[in-house]
2 protein chains.
Amino acid sequence: MDRAAVLPALAEVFREHGYEGASLSLISKATGLGKGSLYHVFPGGKAEMAACVLDEIDSWFETNVYAPLREGEPPGRAVSDMFEAVAGYFRSGRRVCLVGVLALGTGRDHFAEAVRSYFARWVAALAEALRRSGHGDMASAALAEETVAQIQGAIVLARALDEPEVFARALATLRARIAAATG
Amino acid sequence: MDRAAVLPALAEVFREHGYEGASLSLISKATGLGKGSLYHVFPGGKAEMAACVLDEIDSWFETNVYAPLREGEPPGRAVSDMFEAVAGYFRSGRRVCLVGVLALGTGRDHFAEAVRSYFARWVAALAEALRRSGHGDMASAALAEETVAQIQGAIVLARALDEPEVFARALATLRARIAAATG
DNA sequence: ATGTCTTTGTACCGATCGGTACAAACCCAC
DNA sequence: GTGGGTTTGTACCGATCGGTACAAAGACAT
């Protein structure tokens with residue numbers, strides 16, 4: 001059993017229960033692995049599991065979101081693709097953002113740098129795409145920051161109200177706003 | 001020692017560590033009360049403490065945010081006051097929203113209704129203020145939902161990037177957007 | 001000063017936490 | 001089949017969890 005095979009289940013546990021709430025017994029149940037196996041695969045224990053999950057999230061976003069935003073042509077299409085990728089990743093508002101959970105809550109000390117980098121690179125990549133589609137530097141940065149924040153907020157609100165449509169509506173509004181600013 | 005005296009410290013512990021992360025030893029240290037006193041004041045234990053904190057937050061927002069939004073005159077001024085109250089409450093982005101933390105993370109089952117109500121009433125009150133200042137019903141609801149989501153997202157982003165200014169910028173942008181839509 | 005009632009600290013409970021030790025089970029080249 | 005290395009389950013560790021019991025300490029009217 002290798003890391004890649006357990007990472008999805010592992011990520012889901014951290015997402016649903018946070019870092020502290022994700023007990024080894026929950027993790028064991030979710031992955032189907034006993035403690036022996038878990039500590040064989042992740043000698044560093046829970047901290048290494050979380051770091052590994054964060055790492056995979058990071059590289060997924062790098063590949064499927066950040067890089068296309070930075071380099072995709074045309075940039076308007078790259079932005080549109082981002083919304084689609086994000087909608088899929090967050091299951092249209094039914095899935096929570098683990099990085100957001102870590103940012104708000106627990107273990108902010110351990111993972112501060114990973115959390116910071118995730119959001120900083122998202123905002124930077126989106127700003128770059130906006131800049132490439134003709135916006136000024138400052139407007140691009142502001143719109144990018146606003147967009148990422150709104151996505152995160154929509155996840156919170158959708159989860160709180162138990163209404164995933166809130167998330168879908170937010171994405172639609174953001175698409176329209178960016179299109180209006182660009183077109 | 002009564003409830004009101006310990007609620008602020010109590011709220012801060014839950015904010016910073018989440019529900020599961022807020023251990024009784026942390027709570028005891030933060031409030032200066034031993035277990036005996038804590039269970040004397042809150043016979044229901046941790047769950048009652050959290051419920052009590054949520055209750056106080058709820059009534060603070062009802063008094064300082066929701067009611068003014070619903071009834072304040074003129075409505076444009078009520079909206080502006082909301083931004084000021086919110087900026088103060090969240091310490092300009094340095095303080096996290098406990099209800100948002102609970103929504104994303106832990107104990108979502110115990111407090112689901114309180115969390116839902118907090119956000120639903122916020123959105124409804126803001127929508128009412130917008131409606132009173134001349135917007136259509138649907139536009140008001142959409143703008144209100146978008147605004148509350150953006151506030152929450154800005155908190156996440158400001159905390160993640162360790163840049164409180166992100167929160168201030170978001171509030172400024174929202175003010176401008178609402179002013180533009182109204183004026 | 002006394003007695004009563006409230007408030008507090010502390011010792012303790014079983015359960016569970018994250019983590020370790022280690023032996024049985026498994027795999028596979030030979 | 002046999003031996004050696006890997007993978008796994010399980011028993012166990014000290015620490016801490018949320019919660020309870022209860023007696024000492026404090027407050028206050030008489």
Side-chain angles (χ1 to χ4, degrees), chain A residues 1-56 98 101-102 104-112 114-115, chain B residues 1-56 98 101-102 104-112 114-115:
Chain A
M1 189 68 71
D2 60 338
R3 291 180 173 216
V6 302
L7 275 183
L10 206 50
E12 219 48 41
V13 177
F14 282 118
R15 248 188 284 272
E16 289 303 315
H17 301 89
Y19 181 72
E20 327 232 32
S23 71
L24 285 192
S25 73
L26 277 175
I27 291 172
S28 184
K29 199 180 310 172
T31 59
L33 266 55
K35 283 191 180 186
S37 314
L38 283 173
Y39 273 82
H40 177 70
V41 180
F42 302 98
K46 217 169 110 167
E48 186 177 354
M49 299 179 205
C52 205
V53 166
L54 274 182
D55 227 66
E56 208 225 353
L98 172 58
V101 171
L102 292 180
L104 276 190
T106 279
R108 196 167 116 270
D109 45 347
H110 285 89
F111 308 111
V115 167
Chain B
M1 189 66 72
D2 59 340
R3 290 181 174 218
V6 302
L7 275 183
L10 207 48
E12 219 46 42
V13 177
F14 282 118
R15 248 188 284 271
E16 289 302 316
H17 299 91
Y19 182 70
E20 326 233 31
S23 70
L24 285 192
S25 73
L26 277 174
I27 292 173
S28 184
K29 199 180 309 174
T31 59
L33 265 56
K35 282 192 179 186
S37 313
L38 284 173
Y39 274 82
H40 177 71
V41 179
F42 303 99
K46 217 170 110 169
E48 185 177 354
M49 298 179 205
C52 205
V53 166
L54 275 182
D55 226 66
E56 209 225 352
L98 173 57
V101 171
L102 292 180
L104 278 190
T106 279
R108 196 167 116 269
D109 46 346
H110 284 87
F111 310 111
V115 167

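In what follows, every chain begins at residue 1, and chains take the letters A, B, ... in the order their sequences are listed.
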Distance in angstrom units between B:H17 NE2 and C:dC17 P, rounded:
19 Å
In whole Å, I'd like the distance from the CG atom of A:L24 to the P atom of D:dT16.
16 Å
Side-chain donor-acceptor distances from residues 7-15 of chain A under 3.5 Å, at least two apart:
residue	atom	partner	partner atom	Å
A:E12	OE1	A:R15	NE	3.3
A:E12	OE1	A:R15	NH2	3.4
A:R15	NH1	A:Y89	OH	3.3

For A:S25 and for A:P43, locate the closest nucleotide of DNA chain C by heavy-atom distance; then report the residue assigned to the nucleotide nearer the 5' terminus.
A:S25
How would you label the contact of B:A47 with the nucleic acid (heavy atoms, under 4.0 Å): base, sugar-phosphate, or nothing?
nothing
Partner residues of A:E48 under the side chain to side chain donor-acceptor pair (under 3.5 Å) criterion, sequence neighbours left out:
A:R3
Side chain to side chain donor-acceptor pair (under 3.5 Å): which pairs involve residues 24-44 of chain A, sequence neighbours left out?
A:S23-A:S25
Rounded to whole Å, how long is the line connecting atom NZ of B:K46 with atom P of C:dT16?
15 Å
Does B:A5 have any side chain to side chain contact (heavy atoms under 4.5 Å, CB included) partners at least two apart in sequence or in another chain, and if so, which?
B:M1, B:D2
Between P on C:dT20 and OH on A:Y39, what's the gap in Å once rounded to a whole number?
6 Å
Taken to the nearest whole Å, CG/A:L38 to C1'/C:dT20 is 14 Å
Side-chain heavy atoms of B:I27 within contact of B:H17, under 4.5 Å:
no
Set of residues satisfying side chain to side chain contact (heavy atoms under 4.5 Å, CB included) with respect to A:V115, sequence neighbours excluded
A:V99, A:L102, A:A103, A:F111, A:F119, B:A160
Walk along nucleotides 7-15 of chain C from 5' to 3' and tag each nucleotide B, S or - by protein heavy-atom contact under 4.0 Å, base first, then sugar-phosphate.
SBBB-----
